[in-house]
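A note on names: the letters A, B, ... follow the listed sequences, proteins ahead of strands, and every chain is numbered from 1.
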There are 2 protein chains.
Amino acid sequence: MIRVLLADDHLLIREALVLLLETEDGIEVVADVGRGDEAVDRALALKPDIAVLDIDMPGLDGLAAAERMARDLPGCRLVIVTAHGRPGNLRRAMAAGVRGFLGKDAPGARLAEVIRQVAGGARYIDPQLAADALAVEECPLTPRELDTLRAAADGAPVARIARSLGLSEGTVRNYLSAAVTKLGADNRHAAVRAARDLGWL
Amino acid sequence: MIRVLLADDHLLIREALVLLLETEDGIEVVADVGRGDEAVDRALALKPDIAVLDIDMPGLDGLAAAERMARDLPGCRLVIVTAHGRPGNLRRAMAAGVRGFLGKDAPGARLAEVIRQVAGGARYIDPQLAADALAVEECPLTPRELDTLRAAADGAPVARIARSLGLSEGTVRNYLSAAVTKLGADNRHAAVRAARDLGWL
DNA sequence: GGGCACCCATGACAAATGTCACCGGTACTC
DNA sequence: GAGTACCGGTGACATTTGTCATGGGTGCCC
């Protein structure tokens, strides 16, 4: 019997997924939680074979939870199920040691199949998402450029960005200008959108 | 037997929800689809008692689908299930004649309960979302201000906005300036975020 | 050591943006 | 008819921005 912990922030979805997994032979859902930090706590207590994590969650997102669990609970194998198949998410998940990654538009039977495969030691990456991730080149932005872009993401003026990063305004403008040029955007706000779409933010 | 049509763009979620509803007595899922336009087509063909619609969908979003179905299929009662309980969405749903509105963080049993209530002629609005919607004052922006704000949402420069709306650049700047002032934002990009958060965009 | 990438900064200039006053026109209400 | 709200526009101005050249500093690799 494969013991599964399921984490998704929407109760309705979580209950439905539990029901779906319970109809599968050999799979038992030992816990279901709605927060990333709670997922880590429960996993430490219950030591499930597999943790199935959504990315969008309060407290700690699914990827951060995966990173912690990979460190503190190496016996537990990780599967990410997400609505947002951004290349950056996939990359980050792979870096965290996640062994299964699939989108929410996969058929239900596939989730069970992936859980079995991963429990057996194999890996499974959604082919569509993998192709997208490989098609997108590496992020050309330097760490500092990413910082300034992130700080600009909510429409803050340069002065506030400079203060929040402890930089001079001129420096911030230089970084933003470089980011805008590299991304081929009209201005920094379009650059923020572009970077986010490519999963670089 | 209540005949239900279910629309959600994520196959995994949809299958799980079908399973959840099928465990309920007196409810039968007669069709499940992943696109808003498809939902309308299938509903016209099958004439279900209830249509359960997600908002985020390709083709036609759940609210637009609800508006069409309310017009073309008055016998079919509408329930919206969404992850994004923005006040604007709720308002638009009510205007379209939707009779049930609940978040995806509701418990599974509630969905079945709401379907039964709505099939019986009652209404059900998620109390939390209803409170949020009532707490937010009416949108103070004029239609034209909303247009320009929408056109500015992707970071387009004023010149492109003016062209796309057939206005002079000065006029566009005036509308944007008014919107920024009314929303108390630092600039139009922050204004876009603010308006979107309040469900006005 | 030289080359290179990155970090942080300054100064200067052009372009875009935000703000204001003010114009006329339409439509609706009191 | 007066008042009000919205639409569309112009012109002017200050501020914010994007861009460029240029500087010095660090750390890494060949």
Students should find this one: the first and last nucleotides of DNA chain C, 5' to 3', lying under 4.0 Å from a heavy atom of chain A. What are they?
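Here the contact window of chain A covers C/dC6 to C/dA12.
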Hey, which sits more toward the 5' end of DNA chain D by its nearest nucleotide, B/E145 or B/N187?
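Here B/E145 is the residue nearer the 5' end.
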When the nearest nucleotide of DNA chain D is assigned to B/E169 and to B/T142 on a heavy-atom basis, which residue is associated with the more 5' position?
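Nearest-nucleotide comparison on DNA chain D picks B/T142.
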Donor-acceptor contact below 3.5 Å, side chain A/D49 vs main chain A/R3
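Present.
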With no hydrogens and no angle check, is any side-chain donor or acceptor of A/D61 less than 3.5 Å from a backbone partner on A/I55?
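Side chain of A/D61 to backbone of A/I55: no pair is present.
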Check the interface with nucleotides 20-24 of chain D: list each N/O to N/O pair with the protein under 3.5 Å, or write none.
from   : atom 1 : to     : atom 2 : distance (Å)
D/dC20 : N4     : A/N174 : OD1    : 2.8

Taking all atoms of both residues into account, what is the closest heavy-atom pair of A/I2 and A/I50, and its distance?
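Looking at all heavy atoms of both residues, the closest pair is CG2-CG1, 3.8 Å.
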Nearest heavy-atom neighbours spanning A/E15 and B/G108:
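Answer, listing the atom of A/E15 first, then B/G108: OE1-N, 2.8 Å.
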Please tell me if B/T171 has a side-chain N or O lying less than 4.0 Å from either OP1 or OP2 of D/dG9.
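Yes, because at least one side-chain N or O of B/T171 sits under 4.0 Å from OP1 or OP2 of D/dG9.
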Under 4.0 Å between any heavy atoms, over every strand shown, what does B/R144 touch: base, sugar-phosphate, or nothing? Just pick one.
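Here B/R144 touches the backbone only, sparing every base.
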Could you give all pairs that pass the ring-ring contact (aromatic ring centres under 6.0 Å, His included) test and reach residues 149-199 of chain B, with sequence neighbours left out?
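Listed once each, the pairs are A/H189-B/H189.
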Which pairs, with at least one residue in residues 36-69 of chain A and sequence neighbours excluded, count as a ring-ring contact (aromatic ring centres under 6.0 Å, His included)?
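Qualifying pairs: none.
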Distance-only criterion, 3.5 Å: show the donor-acceptor pairs between side-chain atoms of residues 40-47 of chain A and protein atoms not counting sequence neighbours.
from  : atom 1 : to    : atom 2 : distance (Å)
A/K47 : NZ     : A/L44 : O      : 3.3

Side chain to side chain contact (heavy atoms under 4.5 Å, CB included) partners for [X], two or more places apart:
| X | value |
| --- | --- |
| A/A16 | B/A16, B/L17, B/L20 |
| B/D9 | B/D54, B/M57, B/P58 |
| B/A178 | B/E145 |

Report the distance from atom [atom1] of [X] to atom [atom2] of [N], rounded to the nearest whole Å.
| X | N | atom1 | atom2 | value |
| --- | --- | --- | --- | --- |
| A/L176 | D/dT19 | CG | P | 10 Å |
| B/K182 | D/dA5 | NZ | P | 11 Å |
| A/Y175 | D/dG18 | OH | C1' | 17 Å |

Under 3.5 Å, side-chain donor or acceptor atoms of residues 153-162 of chain B against the rest of the protein: list the pairs with distances, not counting sequence neighbours.
from   : atom 1 : to     : atom 2 : distance (Å)
B/D154 : OD1    : B/A156 : N      : 3.4
B/R160 : NH1    : A/D186 : OD2    : 3.1
B/R160 : NH2    : A/D186 : OD2    : 2.7

Kindly list each side-chain donor-acceptor pair under 3.5 angstrom involving residues 68-80 of chain B, sequence neighbours excluded, with atom names and distances?
from  : atom 1 : to     : atom 2 : distance (Å)
B/R77 : NH1    : B/V118 : O      : 3.4
B/R77 : NH1    : B/A119 : O      : 3.0

Counting heavy atoms from C-beta on, name the nucleotide in D/dG9, D/dT17, D/dC7 closest to the side chain of A/R173.
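Nearest listed nucleotide: D/dT17.
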For the helix from C/dG1-D/dC30 to C/dC30-D/dG1, how many degrees between its two end axes (five pairs per end), to the nearest 10°?
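One end axis against the other gives 30°.
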Candidate list B/V114, B/V81, B/L129, test side chain to side chain contact (heavy atoms under 4.5 Å, CB included), partner B/F101, passing option
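Only one of B/V114, B/V81, B/L129 forms a side chain to side chain contact (heavy atoms under 4.5 Å, CB included) with B/F101, namely B/L129.
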Using a strict heavy-atom distance below 4.0 Å, which residues from residues 148-166 of chain B are in contact with DNA chain C?
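Contacts with DNA chain C under 4.0 Å: B/P157, B/V158.
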